[in-house]
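Keep in mind that the numbers below use all heavy atoms, side chains included, and drop hydrogens, waters and symmetry copies. All values derive from a computational prediction rather than experimental measurement.
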Amino acid sequence: GERTPNSVTTRRISEDTYEGTDIYVLDYLHVSGPNDTTVSRMVMRADDLALVHHKVKANTDSAAVSASGGRLTGWVALPEQPVQLVDVNVGRPVFGVEGQIPWLLPLLPFREGYRAVVPHFSQWEGGEVWEDITVVGSETVDFGGKPVECWIIDTGELGPPGSRGYHWVAKTDRKIVQSVLRGNSGGPEYWAVARP
């Protein structure tokens, strides 16, 4: 019932080229108190958003993975576990991930009843996982004092068992206006609200 700000996340997307291929570079910084900081960089091909390279460093985990020709290679370090080497042939391009894949949401052709299942790399699983992305409704929300009509997107389980991620994506410019991690009934909700 009360809102307590506890973190700041900054994402920056830039364009570049890598070995003659146009790419997007997603730099991500999440700060939640002095002992919880995550820094990462994800490199994706511009034409199909397939993962090229993903590295992340947090206080309790880190990973560096490259993707080429349907193969994922690299390493993952998780809390209180030995470093795991990753060498997986998935046979298709995959997407990178930051928790869930909200960076992909502004690019999808949402409409009533829209559903997609997207393959991506999960450092916690040490390989490829599939994530559901489903339009579950529409809602007009206040954004900087203006009403904005949004799609409500369910992006599936995240975090503790029983928790799910939801995002409000503006129908006009596809900006993610707000997100929530919602757990079991009566538990806390974790909201992220974009700056206008």
Side-chain angles (χ1 to χ4, degrees), residues 7-32 36-79 81-110 114 116-133 153 155-159 165 167 169-170 173-179 181 192 194-195:
S7 65
V8 174
T9 301
T10 304
R11 286 188 181 96
R12 183 174 55 93
I13 298 176
S14 57
E15 297 177 79
D16 205 340
T17 57
Y18 174 73
E19 296 182 351
T21 301
D22 290 334
I23 59 170
Y24 293 119
V25 179
L26 173 63
D27 289 306
Y28 170 95
L29 173 65
H30 175 82
V31 180
S32 180
D36 187 9
T37 299
T38 301
V39 179
S40 73
R41 172 169 279 187
M42 194 169 12
V43 178
M44 302 162 281
R45 288 192 312 235
D47 64 347
D48 63 359
L49 303 178
L51 179 67
V52 174
H53 187 73
H54 183 189
K55 60 184 174 181
V56 59
K57 176 66 180 114
N59 287 10
T60 60
D61 63 289
S62 57
V65 176
S66 294
S68 178
R71 187 167 208 92
L72 296 169
T73 57
W75 56 269
V76 174
L78 299 177
Q81 295 183 24
V83 173
Q84 300 171 19
L85 296 180
V86 175
D87 188 359
V88 181
N89 185 10
V90 294
R92 75 184 76 69
V94 297
F95 297 103
V97 65
E98 289 297 348
Q100 293 182 317
I101 50 177
W103 59 268
L104 182 62
L105 300 182
L107 305 173
L108 297 176
F110 294 132
Y114 180 88
V117 183
V118 179
H120 65 85
F121 170 73
S122 168
Q123 71 214 42
W124 293 94
E125 299 295 328
E128 179 190 47
V129 296
W130 291 79
E131 183 165 347
D132 284 311
I133 298 173
I153 313 300
T155 52
E157 290 189 24
L158 177 67
H167 306 272
V169 178
D173 64 5
R174 299 307 176 112
K175 181 172 186 152
I176 300 173
V177 174
Q178 63 187 23
S179 301
L181 176 63
R195 292 185 180 158

For atom OH of Tyr114, decide whether the heavy atoms of other residues, nucleotides or ligands shown that lie under 6.0 angstrom number more than 12.
yes
So, do Pro106 and Val169 sit near enough that their side-chain heavy atoms are less than 4.5 Å apart?
no
Spacing of Thr60 atom OG1 and Lys57 atom NZ [to the nearest 0.5 Å]
8.0 Å
Residues Ile23 and Thr17: closest non-hydrogen pair is CG1-N, 3.9 Å
Minimum heavy-atom separation for Pro93 and Arg45, please, with both atom names.
CG-NH2, 4.0 Å
Applying ring-ring contact (aromatic ring centres under 6.0 Å, His included), name anything that partners Tyr24, two or more places apart in sequence or on another chain.
none
Measuring from atom CD1 of Ile153 to atom CD1 of Ile176, what distance do you get when rounded to the nearest 0.5 angstrom?
9.0 Å
To the nearest 0.5 Å, what is the distance between NZ (Lys55) and OG (Ser40)?
10.0 Å
Is atom CD of Gln81 surrounded by more than 12 heavy atoms (other residues, nucleotides or ligands) closer than 6.0 Å?
yes
Keeping the roles fixed (side chain from Thr155, backbone from Gly165), state whether a donor-acceptor pair exists under 3.5 Å.
yes
Atom pair OG1 (Thr73) and CG (Leu85), whose distance is rounded to the nearest 0.5 Å
10.0 Å
Run the numbers on Met42 and Leu51 for side chain to side chain contact (heavy atoms under 4.5 Å, CB included), then give the verdict.
CA-CA 7 Å; Met42 194 169 12; Leu51 179 67; 3.8 Å; yes
Show, in sequence, the C-alpha distance, side-chain angles and deciding distance for Val39 and Asp27, and conclude whether the side chain to side chain contact (heavy atoms under 4.5 Å, CB included) test is met.
CA-CA 8 Å; Val39 179; Asp27 289 306; over 6 Å; no
Could you give me the CA-CA distance, side-chain angles and deciding distance for Phe110 and Ile133, then say whether side chain to side chain contact (heavy atoms under 4.5 Å, CB included) is met?
CA-CA 10 Å; Phe110 294 132; Ile133 298 173; 4.0 Å; yes
Distance-only criterion, 3.5 Å: show the donor-acceptor pairs between side-chain atoms of residues 63-71 and protein atoms not counting sequence neighbours.
residue : atom : partner : partner atom : Å
Ser66   : OG   : His53   : ND1          : 2.7
Arg71   : NE   : Asp87   : OD1          : 2.7
Arg71   : NH2  : Asp87   : OD1          : 3.1

Any donor-acceptor pair under 3.5 Å linking the side chain of Arg174 with the backbone of Leu108?
yes
With side chain to side chain contact (heavy atoms under 4.5 Å, CB included) as the criterion, how do Thr38 and Val56 come out once you've worked through the C-alpha distance, each side chain's angles and the decisive distance to 0.1 Å?
CA-CA 7 Å; Thr38 301; Val56 59; 3.6 Å; yes
